[in-house]
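Below, chain A is the first sequence line, B the second, and so on; all start at residue 1.
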Amino acid sequence: MSAKQHLYLVDGSSYIFRAYHRLPPLTNPEGTPVGAVYGYTTMLWKLAEDLDKATGPTHLAVILDKDGTSFRNEIYDQYKANRPPPPEDLVPQFPLIRDATRAFSLPCIEEQGLEADDLIASYARAAARQGWDVTIVSSDKDLMQLVSEGSEGVGSIDMLDTMKNQRIGIPEVVEKFGVPPELVGDVLALMGDSVDNVPGIFGIGPKTATKLIQDYGSLDAALDAAEGMKPSKLRDRLLEGREAAAISRVLVTLKEDAPLPQPLDEFKLDGVPKEPLAAFLEKHGFTSLLRRLDAGAGSPSRTTDLNPAKQDTAGAPAAQGSEGNRQPMPEWPAIDHAAYECVQSAEQLDAWIARALAARVVAVDTETRTLDAVTGDLVGVSLCVGPGEACYIPLAHGGTDMFAEKPAMVPMDVALAALKPLLENDAVLKIGQNIKYDINVLARHGITVAPIDDTMVISFALDAGRGEEGIGGGHGMDELARRHLGHECIAFKDVCGTGQKQISFAEVPLDRATAYAAEDAEVTWRLWKLLKPRLAIEGGTRVYEQVDRPLVPVVAAMEREGIKVDRAALARLSEQFATRMAAVESEIHEIAGAPFTIGSPKQLGEVLFEKLGYKGGRKGKSGQYSTDQAVLEGLAAQGAPIANKVLEYRQLAKLKSTYTDALQAAINPLTGRVHTSYSLVGAQTGRLSSTDPNLQNIPIRTEIGREIRKAFVAEDGCVLLAADYSQIELRLAAHMADVDTLKQAFAKGEDIHAATAREMYGEVTRDTRAAAKTINFAILYGISRWGLAGRLGVEADEAQAMIDRYFQRFPGIQRYIATTLESVRERGYSETLFGRKTWFPRIASANQTERQGSERAAINAPIQGTSADIIKRAMARMLPALRDAGLKDVRMLLQVHDELVFELPQGDVAAAKPVIERVMAEAALPSVKLDVPLGVETGTGTSWDEAH
DNA sequence: AAGGTCACG
DNA sequence: GACGTACGTGACCTTG
């Protein structure tokens, strides 16, 4: 651990106002209102929990306002004069804030004649001068003046908004005010503050104030320049407002040299004694926190069996999955939680590392505070080297870290230093279940885990799509253990609970934590023993080794990179959307004659089809009216004015909730970027999927949606480069179905839809090209006459005629469909050009709908799956190829099925572009030689939108 | 938790 | 003649 001191100064007064407005009006058992106090208590709790984090506090104090008045009232008697009195039920909570602070045994500072802001400023500067970093826990804009970078011998000062969980550094201040922190006071002096009744200059708001300071460099310079400005309202206001500005400047200036009532050293944090806190929590009825307090400090001892009622029988043969999934069960003893060792000393740890080195194969699993690999802090590591030979190494247990009683643990830095050579050792294979997660967690501690195997990815290579009725088809550990080992894993929720009562893994007592974590490692080890040999036997080695395994660390790195988004731009869009939605909403209510919930399909259906009497039938088993886009467009064509308004409302609601609001919330406070999580086993065809947030469905098809893409931006000095495969699935279809005309058209670089139109209709017009495009896609998806008819707006028999003609002109297609289905019926799975299997257990279903659905999916899977294989190979080769070309600063950020997005210095574009295009175009080689070229199109720009 | 809707390739 | 209406995803909202 570094010796760097980090002081947290909590702006208690401002916090309590915000907590009051945000929380329900709770009362304690005596009837005293305590909602804001509760919010305040949970905030302190969270801060204390961060104690051991790199950015967490070593010192902490709470700063409060003494009373309403300060030296500023002597300067300007109207200061804070128009502030309304605090709400009645907040008043009795003020003294409780002091009680709460004392209950945490934290210092609480207040001083007559000074505002909390002044004390905070003075303490922050004093601490920074002696080299400490400082975090001010507040979102008060006045305090943003203090934010500063550290320098030689001087610590940094930043802010933390605990409600938004956002760190405020210089970039955030610049984003808010348009000027760096040292000029914030000048901006504030010009614009004033109605809440504090700082006058500012009449008629100058934040926009103008920022512009003036940006243009002239300071308040004084702006005021001095007024004289020489051309006559304008602004000039008059500046000249008249000179004095008001001067007073305002003094009012917004923080006193940075106040005497410190208590020396900094006394703010040192070393554990929170439980007793006063417990008494406080009990008194006010904060039972959930009380439970966490009790649970948190459990003293670890030897491991015991977690839950005797759930004793498993892993040694015995268990129910197996579908046919072909059957495995001889190795003669292993049943999984025994009592056999696990909890590693609490360096000697024990060294012994385990030696065992792993000797075994050359070790299953590894990490436990974290939250389920987020990019920010979830490491809590412990478990290892397994054989059946019954597993351990758990707790690294950050002891419940919330503020409590003095922590279990004996090898210090995290010591343990990681010992584990690093093992985890990075080329000669030792590290096995994980979804090891991408562990790679990311450990990467944050400077450990590059390699080489690796992943039981989840192996399972996917073997059994994608294989789930059947009653037999799960997933690749999660609990499910795999059930399916292959006949073992019921300890459920995470049995260890940590769920919902409101969920606790962090760090708070789990060591005996239970060891049983759970070591079991995960052992189950992973056993699964690997069973599944890995199947790859060679069942033909999964090729896709696993050539496509999926190399991809794991690559995708992990992309997740860690994240992408920058422009929070302010999204916020502006959210606001625009909200305004427009409100307007459209009232128009809709007007037409409907009464307000209703537009977002409820049920209510909307009733309004449209009963109240307003439009035609449009029921549909679906639920008997509900359908109100989807197609239906509404139909109504609009009938001349229903409400339909287009509902469509607009829906679009805005979608964009706002799913994108502009959600993406702001997804910005990681530590990195300032958005980090998606990719699933390598999410799509049956082998595609990746993206979650939390999904960055594979960012709008692009409409003008208004594209505004959101503009908010995905490059860092200063960099650009985004987007590289797309052009028509890759159609190219693959042409190759796989061996369609000469299509292959030739691609070879000549023709417009493929136009070529299709010429082939089918003899001439290319806008209409025939559009129809051809629809048919081309229909082919990829498994065609039906009704589906095509619906899309083209023609009768089914006409659609059938077009399909017949398509098959006649492109005979290979029909043959491809027939042989693919034949093979899937016979073998049960389809295959990509790289040997990826997708299983179709319902391909022979007696249920026609089900069977036909499987058939369409089976036609599509080899094409979609081969495309996925190819881009995955390109991804795995990309960064090494760029490095070989001397390009070390190109970062690969996103994958969207046929597109890769990079961030790179502007100056590297010319060199990087041909490398990226070549790697993508040649990604199938040498394993597969395609008859068609793979076209790649690239674009660059400062935003993702521009890069298209 | 399920159903409806809609964003993407 | 009825069935349900193209492949693959994930997120959000309302309702039960």
OP1 or OP2 of dC6(B) sitting under 4.0 Å from any side-chain N/O of R650(A)?
->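 Checking dC6(B) against R650(A), a side-chain N or O does come within under 4.0 Å of OP1 or OP2.
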Spacing between [X] atom [atom1] and [N] atom [atom2], to the nearest angstrom:
X       : N      : atom1 : atom2 : answer
D628(A) : dT5(C) : CG    : C1'   : 12 Å
Q864(A) : dC8(B) : CD    : P     : 17 Å
I859(A) : dG8(C) : CD1   : C1'   : 15 Å
Y781(A) : dG9(B) : OH    : P     : 10 Å
E899(A) : dG8(C) : CD    : P     : 22 Å
N776(A) : dA6(C) : CG    : P     : 17 Å
I728(A) : dG8(C) : CD1   : P     : 19 Å
F777(A) : dG8(C) : CZ    : P     : 16 Å

Indicate yes or no: at least one non-hydrogen side-chain atom of [X] is less than 4.5 angstrom from one of [Y].
X       : Y       : answer
R709(A) : E946(A) : no
I863(A) : Y816(A) : yes
L788(A) : W786(A) : no
R673(A) : I667(A) : no

How far, in whole Å, is dC6(B) from dA6(C) if one measures between their P atoms?
->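 Roughly 15 Å separates the two P atoms.
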Using the P atoms only, state how far dG3(B) lies from dT5(C), rounded to an integer number of Å.
->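 That atom pair is separated by 14 Å.
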Could you please name the partner base of dC3(C), counting Watson-Crick and G-U wobble pairs only when both distances are under 3.5 Å?
->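 No nucleotide pairs with dC3(C).
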As a test of reading the structure: which of [options] is closest to the side chain of [X], going by heavy atoms?
X       : options                : result
Q624(A) : dA6(C), dC6(B), dG4(B) : dG4(B)
N860(A) : dA6(C), dC7(C), dG9(B) : dC7(C)
P699(A) : dC8(B), dA6(C), dG9(B) : dC8(B)

Is a salt bridge present between E703(A) and R706(A), judged by a nitrogen-to-oxygen distance below 4.0 Å?
->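 Between R706(A) and E703(A) there is a salt bridge, with a charged N closer than 4.0 Å to a carboxylate O.
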Should K872(A) and D548(A) count as an ion pair when the cut-off is N to O under 4.0 Å?
->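 Looking at K872(A) and D548(A), the cut-off is met.
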Along nucleotides 11-16 of chain C, 5' to 3', which nucleotides get a B, which get an S, and which get a -, given that the test is a protein heavy-atom distance under 4.0 Å?
-> BSSSSS
Only one of E826(A), R825(A), R827(A) forms a side chain to side chain donor-acceptor pair (under 3.5 Å) with S823(A), so which one is it?
->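 The residue from E826(A), R825(A), R827(A) that satisfies side chain to side chain donor-acceptor pair (under 3.5 Å) with S823(A) turns out to be R827(A).
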Looking for any heavy atom pair under 4.0 Å, which part of the strands does [X] touch: base, sugar-phosphate only, or nothing?
X       : result
R687(A) : base
I863(A) : nothing
Q684(A) : sugar-phosphate
L780(A) : nothing
T774(A) : base

Think K656(A) forms a cation-pi with F577(A), using NZ or CZ under 6.0 Å from the six-ring centre and within 45 degrees of its axis?
->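 Output no; distance or angle outside limits.
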So, does [X] use its side chain to make a donor-acceptor pair with the main chain of [Y] at under 3.5 Å?
X       : Y       : value
Q696(A) : S690(A) : yes
T866(A) : L833(A) : yes
N847(A) : E850(A) : yes

Can a donor-acceptor pair under 3.5 Å be found between the side-chain atoms of R701(A) and the base atoms of dG9(B)?
->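 Yes.
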For nucleotides 1-4 of chain C, list the nitrogen or oxygen atoms of the protein found under 3.5 Å from its nitrogen or oxygen atoms, one pair per line.
residue: dC3(C); atom: O2; partner: Q848(A); partner atom: NE2; Å: 2.6

